[in-house]
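Below: the structure, in structure tokens.
Residue numbers run from 1 in the order of the sequence given.
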Amino acid sequence: MEFRKDFFERLKTAKNILFFTGAGISAESGIATFRGKDGLWNKLKPEELANFNAFMKNPDMVWEWYQYRREIINETKPNLGHYTIVEFEKYFEKVDVVTQNVDNLHGRAGSSSIYELHGNIERNFCVDCKTFYNKEDLLGSEKVPRCTKCNGLIRPDVVWFGEMLPAGVFEKSEQLAMNSDITFVVGTSAVVYPAAYIPISAKQGGAYVVEINLDGTEISGSVDYSLRGKSGEILPEILNIIKEQKGAV
Ligand code: OAD
């Protein structure tokens, strides 16, 4: 793939890189996205699964759905997209990842600075006393488990519709976006707010914003450069350019 000259020049001088990622970066690991042709929200109703009232009404059903998703995630591995982002750390002063994904694949790939806007499916907490439990504590729980301290219901530590994002994480992410030289927006439909403010903040802060997505999205028209294709293919191509620029090949 031939990259545009202005992007090429930006890569040469950039120091701070931000990756803002969504479900699309994990698609090549075999994890379904939310929207689009085979998206989860085409088949399932978020209002029955991904909100607090639904959980309180039918905790076992919601728990079972999250256990099912955990099993899928447990069996998958990070893909070239996740690993290439880790490699960027060798070539730039600062590389941060702000993700909407709860699958922990950036963590498993080895990224050193990750901000999870929507939580992490591997963690859980008690709805009453807020004690945290990791997935190992709860392996094999088919029905919703109870807190060993207060007997409250245990829920996954993910952000559900209508809930606030984890305290401080969004603010910090906005700051990183504003201060970045290049923000890569990878595999997200950019329709869920407040997360979708991140590319807007990046632009406002003067960053060069590059979108990597299979298709056009809500923000394709307002980014500096929109690249179409799989993140697991495009990111390694960009890394090769960087290696050439830095004399690493
Ligand atoms: P979506 O499912 O809305 O969008 C996934 C995007 O990835 C689409 O734009 C696809 O075109 C693109 N895509 C798919 N495969 C790709 C690939 N191999 N390479 C590059 N792009 C690819 O997922 P998100 O934008 O992450 O929220 O969704 C945002 C939020 O909506 C999620 O975090 C979740 C959901 O409801 C919560 O759970 C709170």
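Annotation for Phe55 and Ile154: closest pair CZ-O, 3.5 Å, computed over non-hydrogen atoms. Contact detail for Ser201 and Met178: the closest heavy-atom pair is O-SD, 3.4 Å. The shortest heavy-atom contact between Thr188 and Thr217 is O-CG2, 3.6 Å. Of all heavy-atom pairs spanning Pro199 and Ala196, the tightest one is CD-O, 3.4 Å. Nearest heavy atoms, Thr183 versus Ala202: OG1-CB, 3.4 Å. Residues Arg228 and Ser220 come closest through the heavy atom pair NH2-OG, 3.8 Å.
Taking Ile, Leu, Val, Met, Phe, Trp and Tyr as members and joining any whose side-chain heavy atoms lie under 4.5 Å apart, directly or through other members, the hydrophobic cluster of Val191 also contains Val192. Cluster partners of Met164 are absent, since no Ile, Leu, Val, Met, Phe, Trp or Tyr has side-chain heavy atoms less than 4.5 Å from it.
Proximity of Gln100 to Phe20: side-chain heavy atoms (C-beta onward) are separated by under 4.5 Å at one or more points. A 4.5 Å side-chain heavy-atom check between Asp181 and Thr13 finds every atom pair outside the cut-off. The side-chain heavy atoms of Cys147 and Asn151, taken from C-beta on, include no pair separated by under 4.5 Å. The closest side-chain heavy-atom distance from Lys246 to Ile242 is below 4.5 Å. Side-chain contact check for Arg69 versus Ile121: some heavy-atom pair is nearer than 4.5 Å. Residues Val62 and Glu48 are not in side-chain contact: their nearest non-hydrogen atoms beyond the backbone lie 4.5 Å or more apart. Within the 4.5 Å cutoff, the side chain of Lys77 has no heavy atoms near those of the His82 side chain. Within the 4.5 Å cutoff, the side chain of Ile212 has heavy atoms near those of the Ile238 side chain.
In this structure, Lys203 forms no cation-pi arrangement with Tyr208, as its terminal cationic atom is not both closer than 6.0 Å to the ring centre and no more than 45° off the ring axis. With a 6.0 Å cutoff to the six-membered ring centre and a 45° limit on the axis angle, Arg146 does not count as a cation-pi contact of Trp63. At least one test fails for Arg123 against the ring of Tyr133: distance under 6.0 Å to the centre or angle within 45° of the axis.
Val159 and Ile198 fall within the same hydrophobic cluster, defined by Ile, Leu, Val, Met, Phe, Trp and Tyr side-chain heavy atoms under 4.5 Å apart, directly or through other members. Leu80 and Val95 are not part of a single hydrophobic cluster, where members link through side-chain heavy atoms under 4.5 Å apart. The hydrophobic cluster containing Val127 also contains Val102, counting ILVMFWY residues as joined when their side-chain heavy atoms lie under 4.5 angstrom apart, directly or transitively. Both Phe52 and Val144 sit in one connected hydrophobic cluster of ILVMFWY residues. Membership requires side-chain heavy atoms under 4.5 Å apart, directly or through other members. One hydrophobic cluster, built from ILVMFWY side chains closer than 4.5 Å, holds both Phe34 and Ile73.
Aromatic ring orientation, Phe184 versus Phe7: perpendicular (interplanar angle above 60°, classes split at 30° and 60°). Ring geometry for Phe88 versus Phe92: interplanar angle under 30°, hence parallel rather than tilted (30 to 60°).
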(request) Go through the steps to decide whether Leu105 and Ser29 satisfy the test side chain to side chain contact (heavy atoms under 4.5 Å, CB included), and finish with yes or no. (result) CA-CA 9 Å; Leu105 289 184; Ser29 292; 3.7 Å; yes

(request) Using the ring pair (Phe, Tyr, Trp, His ring centres under 6.0 Å) rule, take Phe132 and Phe125 through it: C-alpha gap first, then chi angles, then the decisive distance, then the call. (result) CA-CA 4 Å; Phe132 272 88; Phe125 67 93; 5.6 Å; yes

(message) side chain to side chain contact (heavy atoms under 4.5 Å, CB included) for Trp65 and Leu40? Distances and angles first, verdict last.
(response) CA-CA 12 Å; Trp65 189 61; Leu40 286 174; 4.2 Å; yes

(request) Kindly indicate, with the supporting measurements, whether the criterion side chain to side chain contact (heavy atoms under 4.5 Å, CB included) is fulfilled by Asp157 and Asn124. (result) CA-CA 5 Å; Asp157 186 15; Asn124 303 273; 5.8 Å; no

(message) Between Lys94 and Leu18, is the side chain to side chain contact (heavy atoms under 4.5 Å, CB included) condition met? List the steps.
(response) CA-CA 8 Å; Lys94 191 164 159 48; Leu18 179 71; over 6 Å; no

(message) Applying salt bridge (Lys or Arg N to Asp or Glu O under 4.0 Å) to Glu163 and Arg155, what does each step give before you reach the verdict?
(response) CA-CA 14 Å; Glu163 292 185 325; Arg155 60 165 281 182; 2.8 Å; yes

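One finds the CG atom of Asn104 at 4.5 Å from the CG atom of Asn120 (value rounded to the nearest 0.5 Å). In this structure, CD1 on Ile241 lies 10.5 Å from CE on Met1, to the nearest 0.5 angstrom. Of the inter-residue distances, the one linking Glu64 atom CD with Glu142 atom CD reads 7.5 Å to the nearest 0.5 angstrom. From His118, atom NE2 reaches atom CZ of Phe170 across 9.5 Å, with rounding to the nearest 0.5 Å. Taken to the nearest 0.5 Å, the CD1 atom of Ile17 stands 12.5 Å off from the CG atom of Leu176. Between the CD1 atom in Ile200 and the CD1 atom in Ile219 there is a gap of 8.0 Å [rounded to 0.5 Å].
Within 6.0 Å of NZ in Lys149 there are 12 or fewer heavy atoms belonging to other residues, nucleotides or ligands. Applying the 6.0 Å contact sphere to OH of Tyr193 captures more than 12 heavy atoms from other residues, nucleotides or ligands.
A side chain to side chain donor-acceptor pair (under 3.5 Å) with Ser26 is found for one member of Thr99, Thr76, Asp103, Asn79 and no other, namely Asp103. Considering Thr21, Asp96, Ile85 as possible partners of Ser111, the one that fulfils the side-chain contact (heavy atoms from CB on, under 4.5 Å) test is Ile85.
Side chain of Asn101 to main chain of Ala23: a donor-acceptor pair is present (N/O by atom type, distance under 3.5 Å, no hydrogens or angles). For the pair Glu28 (side chain) and Gly232 (backbone), a donor-acceptor distance under 3.5 Å is present. Side-chain atoms of Asn213 do not come within 3.5 Å of backbone N or O of Gly216 as any donor-acceptor pair.
Between Thr33 and Arg35, the side chains place no donor N or O within less than 3.5 Å of an acceptor N or O (distance only, hydrogens not considered).
With sequence neighbours excluded, no residue forms a side-chain hydrogen bond (donor to acceptor under 3.5 Å, both in side chains) with Gln245.
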